[in-house]
Each structure stands twice: as structure tokens, then as C-alpha cells.
Undergrad: 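Let me begin by handing over the structure; questions about it come next.
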There are 2 protein chains.
Amino acid sequence: MSTEAEEWGKQLRLAGYKLTRQRRAVLAVIAAGETHLSPAEVYDQARIACPDLGLTTVYRTLEILSELGLVRRVHLEKGCHSFASASGGHSHHLICNKCGEVIEFEGCDLSPLLERVAQRTGFVIEAHWLELFGTCPACQRVSENSPQRHQDTKK
Amino acid sequence: MSTEAEEWGKQLRLAGYKLTRQRRAVLAVIAAGETHLSPAEVYDQARIACPDLGLTTVYRTLEILSELGLVRRVHLEKGCHSFASASGGHSHHLICNKCGEVIEFEGCDLSPLLERVAQRTGFVIEAHWLELFGTCPACQRVSENSPQRHQDTKK
DNA sequence: ATGTAATTGAAAATACTTTTCAATTAGATT
DNA sequence: AATCTAATTGAAAAGTATTTTCAATTACAT
């Protein structure tokens, strides 16, 4: 199990949750995954290590991880069913349109923008939410006919 | 019918769609609405003017409007089922956490940020997506006990 | 080892969205 | 104004995603 998954396990315990075999399997999958994963994808992958895992538990575990801020929903044009790790703190996601790889980045200095919008609209701005989309280095190198994950997953 | 809805009607015709009674009703509701609305909410409101409207048609019309860029899905923590008008061009949404009011704003200059992230990650960045959340002027004035729309809609 | 509340999976229920299809209709053509 | 035709419609069915229920199991404090 990766270090990140171990760390998450501790956090779960700290928050008063039991660290079950099923939860371990789910943690391991998302912590290891470099792409965004839907509950069904997490289910499929986690069942390799834990065959009696139920889909319900995947949903429940994802909810806990979200609540603890360890995982965040990734919002795409196609739908908002996927999750990616969000290792604490304030960060945003950079997502590869081709393979689905997700990278976190921090240090978004939007203060001037936020202030300008606040002044113009009279809103008190409480949160912001930024996602970037593009092509990752690996997919840039790949010719257009090569197999790539996550594009056209659904017809 | 508001001017915006009339304009949208023209755009539909231009794109080769027929301007039916049902579509008019849907356009009118979203163009007039200052908040984000789910398909079911659009359905309820549009049926006042057009009682034989079907929910299916609401979905179909929202899809057309999205495709033409006149409407955009609003992504919230709670879910991503709502839509708000997006009067053309590149713009982002500022959303009131209390009443659900949606305001569009433009002129997000993220170029320095985007460039920095691109350099650090090697990604070619193709699109970005920004949403701001806060409290609108009206809801700021309202005391905490007053009725407010859209908060706690679902339990 | 034991006790107990949290957790589990399966099934049912609920929610959301799309597809199918025969009937209707917008709008072009006469 | 009447006619034509392909686009559009709503209802029902199907499909997909998610949550709830509940009896059985299990983590882990004692």
C-alpha cells in the first residue's frame, strides 16, 4: 500500500472511522491511481484485492474521503462522476483530456480577479473553484492513432 | 418573452431548429431566471405557460441550448444538474450560495497562472474553468432566519 | 476472549436521463 | 389557405447512477 494510502488510513482513524479491509482496498486504489476514477472503476480495481467488496461500500468510502478533503470530485463536460486524490490543503486539478491523468497544483493567486469581481458585483466571495484541461506530456508524444485511456469512454 | 429569449429563438432558427411552443416556454424560463435551475425546475416553471410540456423535451431543449453555448451547466458541491444562461463568449459563473443567483463575469486573466502551471507540469493547457461562490448583495442584507431560496433544497 | 457499535453486502428503492415510437406540428411550398 | 414533410412531441419503457434498508459481520476497545 502506498504511503499516501497509509496516511489516509491514519486520518480515517483520527476522524473516528474504523479501518476495514474494504476501506483499505478503496484507499489503495485511489491513492495509487494517477487518473480520475468513477465509483464503478474504483469498484472494479479494488475488487482485485478485495473480491467481496460491495459497490455500496465504495460509494460510502468515497463520501468519507470527500468529507475529509482527501479526495475531490472531478467535473468534466461528460459528467461529474469521477474522483481524484486531493492531498489536503487548497489545491486545484489539472486534467489530461486524453488519458485522464490528474495533477494537483497550488498557488493560484486569484486575489486581484476575485477582488475585482467582488467590487463589480457586490458579492462577498467565499470560495473559488478552478480546473484546467489540457494534454499531458506523455499524450503529447503519442501519435493520434495510439491507444489512449479515458477518451471516448462513453459513446 | 424577454429580449434574451427572443434572441435565443433566432439562434435556434439559425442553427436549423424549429421554434416550437414548447421550446419557447423553456427558453423563456431560463432566460428570465436569475438562478440556476435543474431540468425538473425548468419543467415546473415552463408548464405554467405550456401545460402539455414533457420533461423529455426539457432535457432535449437544454441539450440544444448547451450545444449552442447559450446555457451552461452549473457545478455545485451538491450536484451538477442545474443550468444557467451563458450569453455567448467566454465567461464564468459567480453563484450565490444562499439564493442560487448566478451572475456571469468575464475578463479572467489567468495567463500568468496558466503559463506557470504549463511550465511546471509540461502540460499543454487547452481550457480552464472557473466558478466563484459567495453571497449576493440581497442575501447579505437578509437576516439569517429569513427565507432564502436554494439552500438546503435537498436534505 | 468478549462486547458493542460501526460497518458490511445484497436487494430494494429512489433519482436521473435517454431511448423508442406513433402522433402531432412548424414552417416551406404551393 | 391548403398541402406536404421532416422535425418534434409526450408517454412509456429502458437504462444508468445512487441511496436506503436491514440482518449479518467485524474492528477494536475493554
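Residue numbers begin at 1 in each chain, while the letters A, B, ... track the order of the sequences. Here the structure is a predicted model, which is why all the values come from computation and not from measurement.
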Undergrad: Would you say a side-chain N or O of B/His81 is under 4.0 Å from OP1 or OP2 of C/dT17?
TA: yes
Undergrad: Please report the interatomic distance CD(A/Gln11) to CG(A/Leu68), rounded to the nearest 0.5 Å.
TA: 7.0 Å
Undergrad: Output the rounded distance in Å from CG (B/Leu62) to C1' (C/dT18).
TA: 14 Å
Undergrad: CZ of B/Arg47 versus C1' of D/dA11: gap in Å, rounded?
TA: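 To the nearest whole Å, that distance equals 12 Å.
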Undergrad: Please compare B/Gln22 and A/Leu53 by the position of their nearest nucleotide in DNA chain C and report the one closer to 5'.
TA: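 Counting from the 5' end, the first nearest nucleotide belongs to A/Leu53.
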Undergrad: Hey, which sits more toward the 5' end of DNA chain D by its nearest nucleotide, B/Tyr17 or B/Tyr43?
TA: B/Tyr17
Undergrad: Can a side-chain donor-acceptor contact be found between B/Thr135 and A/Glu126 if the only test is distance below 3.5 angstrom?
TA: yes
Undergrad: Nearest whole Å is fine: how far is C/dC16 P from B/Phe83 CZ?
TA: 13 Å
Undergrad: May I ask you to evaluate whether A/Arg13 reaches the phosphate of D/dA29, defined as a side-chain N or O under 4.0 Å from OP1 or OP2?
TA: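 Yes, A/Arg13 has a side-chain N/O under 4.0 Å of OP1/OP2 on D/dA29.
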Undergrad: Among C/dC16, D/dT20, D/dA11, which nucleotide has an atom closest to any side-chain atom of B/Thr56?
TA: D/dA11
Undergrad: Tell me if the aromatic rings of B/His92 and B/His128 count as close, with their centers under 6.0 Å from one another.
TA: yes
Undergrad: Less than 4.5 Å apart, side chain to side chain, heavy atoms only: is that true for A/Gln140 and A/Cys136?
TA: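 They are not in contact (no side-chain heavy atoms under 4.5 Å apart), so the answer is no.
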Undergrad: For D/dT18, does OP1 or OP2 lie under 4.0 Å from any side-chain N or O of A/Tyr59?
TA: yes
Undergrad: Can you tell me how far P of D/dT26 sits from CZ of A/Arg21, to the nearest Å?
TA: 7 Å
Undergrad: Between A/Lys18 (NZ) and C/dT8 (P), how many Å, whole number?
TA: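 So the two atoms are 10 Å apart, to the nearest Å.
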Undergrad: Would you call A/Asp52-A/Arg21 a salt bridge at under 4.0 Å N-O?
TA: yes
Undergrad: What's the CD-P distance between B/Glu63 and D/dT9, to the nearest Å?
TA: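 Value for this atom pair: 13 Å.
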Undergrad: Give the rounded distance in Å between these two atoms: CG of A/Leu12 and P of D/dT26.
TA: 19 Å
Undergrad: Quickly work out the B/Ile64 CD1 to D/dT8 C1' distance and round it to whole Å.
TA: 9 Å
Undergrad: Closest nucleotide of DNA chain D for A/Arg60 versus for B/Thr20: which of these residues is on the 5' side?
TA: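 The 5'-side residue here is B/Thr20.
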Undergrad: Any side-chain N or O of B/Arg23 less than 4.0 Å from the OP1 or OP2 oxygen of D/dT8?
TA: yes
